[in-house]
Amino acid sequence: MHISITTTSPTSSALFIASSGVRLSSSILSKSSPISSSSSSFRSISTSPAFRSVSRWSHGVDWRSSTVLRAQIGNVTPVVQQFQRKIASMASENPFKGIFTTLPRPGGGEFGKFYSLPALNDPRIDKLPYSIRILLESAIRNCDNFQVTPNDVEKIIDWENTSPKQVEIPFKPARVLLQDFTGVPAVVDLACMRDAMNKLGGDSKKINPLVPVDLVIDHSVQVDVARSANAVQANMDLEFQRNNERFAFLKWGSHAFDNMLVVPPGSGIVHQVNLEYLGRVVFNTDGILYPDSVVGTDSHTTMIDGLGVAGWGVGGIEAEATMLGQPMSMVLPGVVGFKLSGKLQNGVTATDLVLTVTQMLRKHGVVGKFVEFFGEGMSELSLADRATIANMSPEYGATMGFFPVDHVTLQYLKLTGRSDDTVAMIEAYLRANKMFVDYSEPQQEKVYSSYLQLDLGEVEPCISGPKRPHDRVPIKDMKADWHSCLDNKVGFKGFAVPKEAQEKVVSFPFHGQTAELKHGSVVIAAITSCTNTSNPSVMLGAGLVAKKACELGLEVKPWVKTSLAPGSGVVTKYLLQSGLQKYLDQQGFNIVGYGCTTCIGNSGDLDESVASAITDNDIVAAAVLSGNRNFEGRVHPLTRANYLASPPLVVAYALAGTVDIDFEKEPIGTTKDGKSVYFKDVWPSTEEIAEVVQSSVLPDMFKSTYEAITQGNPMWNKLSVPSSSLYSWDPNSTYIHEPPYFKDMTMDPPGSHGVKDAYCLLNFGDSITTDHISPAGSIHKDSPAAKYLLERGVDRRDFNSYGSRRGNDEVMARGTFANIRIVNKLLNGEVGPKTIHIPTGEKLPVFDVAMRYKEAGLDTIVLAGAEYGSGSSRDWAAKGPMLQGVKAVIAKSFERIHRSNLVGMGIIPLCFKAGEDADTLGLTGHERYTIDLPSKASDIKPGQDVTVTTDNGKSFTCTVRFDTQVELTYFDHGGILPYVIRNLIKK
């Protein structure tokens with residue numbers, strides 16, 4: 001048997017310490033092999049001629065040619081050669097080398113070699129869910145008796161018995177996906193780690209991504225200009241003005257670090273680009289075939305699950321460790337089997353389906369689990385429909401919403417420009433390794449942890465809101481639900497508007513005409529977000545609604561801020577091809593840019609007259625968007641009601657001008673001759689949409705779009721960046737700042753720590769999201785972050801957003817817990833980003849109180865309810881509290897990624913016992929808290945009970961949420977990044 005091994009740059013492998021279960025890194029040099037999916041250097045796609053000359057999958061390297069690969073590596077030092085021999089030896093020692101076999105190519109030759117699951121001859125594999133088979137293949141391929149052991153492989157094969165026991169396994173994803181909001185701090189951390197390596201006497205070049213890293217810049221564009229033919233260029237000009245420094249930094253990173261591909265601004269939304277272009281489905285790396293898998297620093301990385309690629313969101317901190325060769329330590333998940341049958345009714349959209357699925361799965365409880373879809377209903381769902389469902393996995397709480405590869409997947413790969421040879425290789429490999437579903441053949445029953453079933457014919461048109469994605473409302477019930485929201489006390493389904501004020505109508509002048517607003521008036525209508533803009537049926541459906549409305553003489557009121565932000569240039573091409581874009585333009589849905597925009601709070605300002613009418617009259621204004629998140633304060637500070645809807649429904653609600661409407665009984669407008677126009681008059685049939693999709697969505701559109709992406713754009717290409725491998729930090733920069741994580745770091749781990757006499761910084765209820773903890777939207781003029789920027793000469797109009805300033809720890813620490821809608825029980829009902837300094841009783845901004853405690857050498861904790869940290873996978877929601885001095889968070893439950901991020905930053909996550917919380921225990925937050933932890937991390941067990949006592953004599957038991965032995969190792973080192981640095985230096 002021959003295994004080809006090549007070497008590029010310093011990487012890390014792990015030394016498995018059997019007695020402790022901890023995988024420790026040792027510095028070696030590796031290259032693509034059955035053990036490690038590494039890659040050679042690749043650069044920013046706009047500037048690398050190599051990228052443009054080779055395969056679309058290559059990131060600048062022809063992966064199928066080891067000759068080309070070796071030529072790019074250049075001279076190899078004796079040390080490198082020594083490690084080459086070591087890696088070659090380790091590869092040959094793979095315990096599963098006996099199943100390493102050839103995949104023949106029809107007509108002669110071979111596609112490559114692969115590790116064959118059928119060759120194991122283990123009947124348990126046939127019953128495994130497809131999603132678990134991907135974990136199994138990865139463990140077998142990477143089994144080196146160091147990072148991954150045969151015992152890990154056995155745990156996965158025996159999934160049916162081991163998954164209920166919460167066993168720990170290592171997983172090595174094939175690649176990492178970033179967007180710029182999370183990508184900038186990741187690159188900042190990598191640059192900072194290089195400096196730390198230097199200071200501690202190590203080789204800074206060991207800090208390099210070892211797996212392919214794709215970074216798509218999509219989170220920075222804002223809707224400053226809307227309803228204009230030149231909106232795209234105007235918004236991009238402003239985007240570059242605001243973010244020139246950040247973009248230059250990312251461009252530097254694409255040159256300074258190996259294996260980092262940067263997709264320039266204006267190209268599309270990260271998850272749509274991943275689906276249409278970056279997703280491999282099957283890797284062919286130096287002749288070795290294996291399934292594509294990806295972790296991303298955006299929670300909606302799960303969208304790629306619709307393509308049959310295993311992918312999910314992780315914290316930025318975890319992603320950085322994955323880049324540096326550390327295996328992910330994860331609990332082997334349960335898998336919920338979700339059977340689909342029947343077909344969607346006429347006029348029902350994929351968005352209606354995903355909101356229904358989200359509600360069902362939230363009710364079932366799928367946190368920490370995979371969901372795998374199957375059944376005859378799968379044939380009725382297009383790939384784009386599947387991707388829509390997979391996209392919202394975070395909203396229903398699952399790690400993945402997985403759709404195994406079948407014929408629908410292959411058709412989509414061809415549609416999106418993947419070559420026939422590539423698709424043939426993908427099908428041949430997946431069939432050979434029992435990872436392909438062929439519904440024309442009898443299906444062997446899979447074993448799942450639990451089961452759900454949905455008849456697609458039962459799905460009805462709906463939206464979700466006004467404050468949470470899983471609060472689904474059927475369209476027919478919307479008017480009644482809205483009025484109950486006005487009546488209800490303030491909460492997820494309530495605004496507590498007095499009866500006498502509910503019918504209030506406010507008139508105000510709007511650019512020479514009289515405008516009106518009332519409770520429920522739509523002031524933002526945005527077709528946005530990866531969830532829906534990747535789906536031609538709903539995008540073209542929106543165009544058909546606009547066309548019918550134009551033909552009937554209806555117009556969206558000019559004070560409604562309308563926008564269309566496609567997820568890729570392909571959308572623009574098929575909207576133009578269909579002739580529908582002109583009708584969207586007539587209704588104000590001009591294209592404003594290619595990025596996330598309104599979905600992440602980059603909705604831009606409302607017209608001053610509209611904003612004043614809302615604030616002066618306390619109007620509960622509404623936003624309707626085709627996004628995936630609608631938490632209060634996220635979309636826009638002035639829209640208290642935010643509803644998720646399909647793109648065609650966004651247009652319909654924009655036309656109606658209000659969410660206070662019964663579409664079945666009330667007209668959405670009138671024609672010029674006074675005739676009433678109803679919802680049914682503008683709503684397209686499923687057949688109408690299908691006809692337009694068939695004639696307008698063409699393979700050449702995908703090819704030409706992504707060929708253009710590789711050339712960048714003029715503004716990006718003009719950015720000048722230094723060629724140094726170490727970053728020159730500018731002390732005056734308000735965007736990129738050297739963080740203090742490694743300031744006093746030594747080679748000795750700080751060890752375990754408890755919490756002594758800590759004050760409660762904040763006392764929260766349920767559903768505190770990462771948007772509450774670490775806002776991504778605008779920087780409020782009176783906030784500590786605003787004060788910091790003003791003191792450094794930044795004009796208010798140049799504040800930009802929190803998300804754009806994630807590369808500056810000074811801004812982000814001040815922005816932590818700065819959401820203007822945050823509810824802190826210490827304030828006794830008052831809403832806003834302040835808290836009580838317990839020793840003095842003063843009410844101050846959270847950051848100011850945190851600094852008082854920190855400067856006095858006092859620990860702090862946070863009390864919280866259920867689902868703490870739900871929402872986007874935002875590493876600053878852990879980094880910020882750490883910089884504020886928070887030592888522990890005690891909650892009823894945690895969102896999966898956020899809990900992991902807290903551990904990664906050295907913060908202790910604790911859970912109240914079932915049936916208990918701060919209220920039932922009589923905790924007010926005015927107490928001082930002591931958390932008893934052993935002084936040695938080795939004396940702590942994952943999930944063990946610990947005692948918490950207060951200074952007023954209370955005592956209660958919590959579960960410490962270090963879920964794996966590896967997480968305890970990170971805690972011992974003060975976090976995951978110091979752990980990686982120490983181990984790289986040691987070896």
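The basis for the numbers below is simple: all heavy atoms, side chains too, and nothing from hydrogens, waters or symmetry mates.
- Of the possible donor and acceptor atoms, one in the side chain of K155 sits under 3.5 Å from a partner among the backbone N and O of E168.
- Side chains of C143 and N94 form a contact here, defined as non-hydrogen atoms less than 4.5 Å apart.
- The two atoms that bring I157 and L136 nearest to each other are CG1-CD1, 3.5 Å, heavy atoms only.
- Between W876 and Y741, the ring planes are tilted. Angles from 30° to 60° get that label.
- The distance from the CG atom of N208 to the CE atom of M193 is 11.0 Å, given to the nearest 0.5 Å.
- Of the inter-residue distances, the one linking M400 atom CE with I134 atom CD1 reads 6.0 Å to the nearest 0.5 angstrom.
- Considering OG of S254 and CG of N259, their distance stands at 12.5 Å, rounded to 0.5 Å.
- Side-chain atoms of S393 come within 3.5 Å of backbone N or O of G401 as a donor-acceptor pair.
- Side-chain N or O atoms of D292 include none that pairs as donor or acceptor with a backbone N or O of F283 at under 3.5 Å.
- Between the side chains of S774 and Y802, not a single donor N or O lies within less than 3.5 Å of an accepting N or O.
- There is no side-chain donor-acceptor pair under 3.5 Å between T301 and D298.
- The minimum heavy-atom distance linking Y130 with P404 is given by the pair CD1-CG, 3.7 Å.
- With D152 contributing its side chain and I156 its backbone, the two residues share no donor-acceptor pair below 3.5 Å.
- The line from CG of L190 to SG of C192 is 10.0 Å long, rounded to the nearest 0.5 Å.
- The closest side-chain heavy-atom distance from I736 to V188 is below 4.5 Å.
- Residues N284 and Y429 are not in side-chain contact: their nearest non-hydrogen atoms beyond the backbone lie 4.5 Å or more apart.
- Residues N145 and P150 approach most closely at OD1-CD, 3.1 Å, considering heavy atoms.
- The CG atom of L278 lies 6.5 Å from the CG atom of L261; values are rounded to the nearest 0.5 Å.
- Tested against T322, the residues M328, K172, R175 include a single side chain to side chain contact (heavy atoms under 4.5 Å, CB included) partner, M328.
- Screening H300, H271, H219 for a side chain to side chain donor-acceptor pair (under 3.5 Å) involving Q179 leaves a single residue, H219.
- To the nearest 0.5 Å, the span separating CG on D218 from CD on Q272 amounts to 10.5 Å.
- Annotation for D809 and H737: closest pair OD1-ND1, 2.6 Å, computed over non-hydrogen atoms.
- R629 has a carboxylate O that lies under 4.0 Å from a charged side-chain N of E395, or vice versa, which qualifies the two as a salt bridge.
- L726 has its side chain within reach of S204: a pair of non-hydrogen atoms, C-beta onward, lies under 4.5 Å apart.
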| task | Check the pair N274 / L307 against side chain to side chain contact (heavy atoms under 4.5 Å, CB included), numbers first and verdict last. | result | CA-CA 10 Å; N274 193 24; L307 195 67; over 6 Å; no
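- Using a 4.5 Å heavy-atom cutoff, the side chains of D144 and E93 are not in contact.
- For the ring pair (Phe, Tyr, Trp, His ring centres under 6.0 Å) with F370, the lone residue among F403, F402, W312 that qualifies is W312.
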| Passes side chain to side chain contact (heavy atoms under 4.5 Å, CB included), E320 versus V980? Steps please. | CA-CA 10 Å; E320 289 163 34; V980 170; over 6 Å; no
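- At a threshold of 4.5 Å between non-hydrogen side-chain atoms, the residues I773 and H898 count as touching.
- For the residue pair S267 and V273, the shortest heavy atom distance occurs at O-CG2, 4.4 Å.
- In the model, R280 has no side-chain atom that pairs as donor or acceptor with a side-chain atom of T285 under 3.5 Å.
- Considering all non-hydrogen atoms of both residues, W159 and P333 come closest at NE1-O, 2.8 Å.
- When each of I207, D189, D203 is paired with R194, the side chain to side chain contact (heavy atoms under 4.5 Å, CB included) condition holds for I207 and for no other.
- In this structure, the side chain of D875 does not engage the main chain of G315 through any donor-acceptor pair within 3.5 Å.
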| field | Chi angles and distances behind the ring-ring contact (aromatic ring centres under 6.0 Å, His included) call for Y727, F249 | value | CA-CA 9 Å; Y727 189 68; F249 175 69; 4.9 Å; yes
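- The shortest side-chain heavy-atom distance between F742 and M197 does not fall under the 4.5 Å cut-off.
- Not one N or O on the side chain of T770 forms a donor-acceptor pair closer than 3.5 Å with the backbone of G869.
- Remark: side-chain polar atoms of R806 are not paired, donor with acceptor, to backbone N or O of V184 under 3.5 angstrom.
- Every pair passing salt bridge (Lys or Arg N to Asp or Glu O under 4.0 Å) that includes a residue from residues 961-984 is listed here, sequence neighbours excluded: R899-D963, R899-E967, R961-D963.
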| task | In sequence, state the C-alpha distance, the side-chain angles, and the governing distance for Y290 and S138, and then conclude on side chain to side chain contact (heavy atoms under 4.5 Å, CB included). | result | CA-CA 8 Å; Y290 53 96; S138 175; over 6 Å; no
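- You'll find the side chain of V335 reaches within 4.5 Å of the side chain of S131, heavy atoms only.
- At distances below 3.5 Å, at least one donor-acceptor pair connects side-chain atoms of S534 with backbone N or O atoms of C530.
- Side-chain atoms of N433 do not come within 3.5 Å of backbone N or O of M435 as any donor-acceptor pair.
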| query | Given the rule in the side chain to side chain contact (heavy atoms under 4.5 Å, CB included) test, do D305 and V371 qualify, once you have shown the distances and angles that lead to the verdict? | reply | CA-CA 10 Å; D305 302 342; V371 176; over 6 Å; no
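- A ring-centre distance under 6.0 Å is not found for Y115 and F96.
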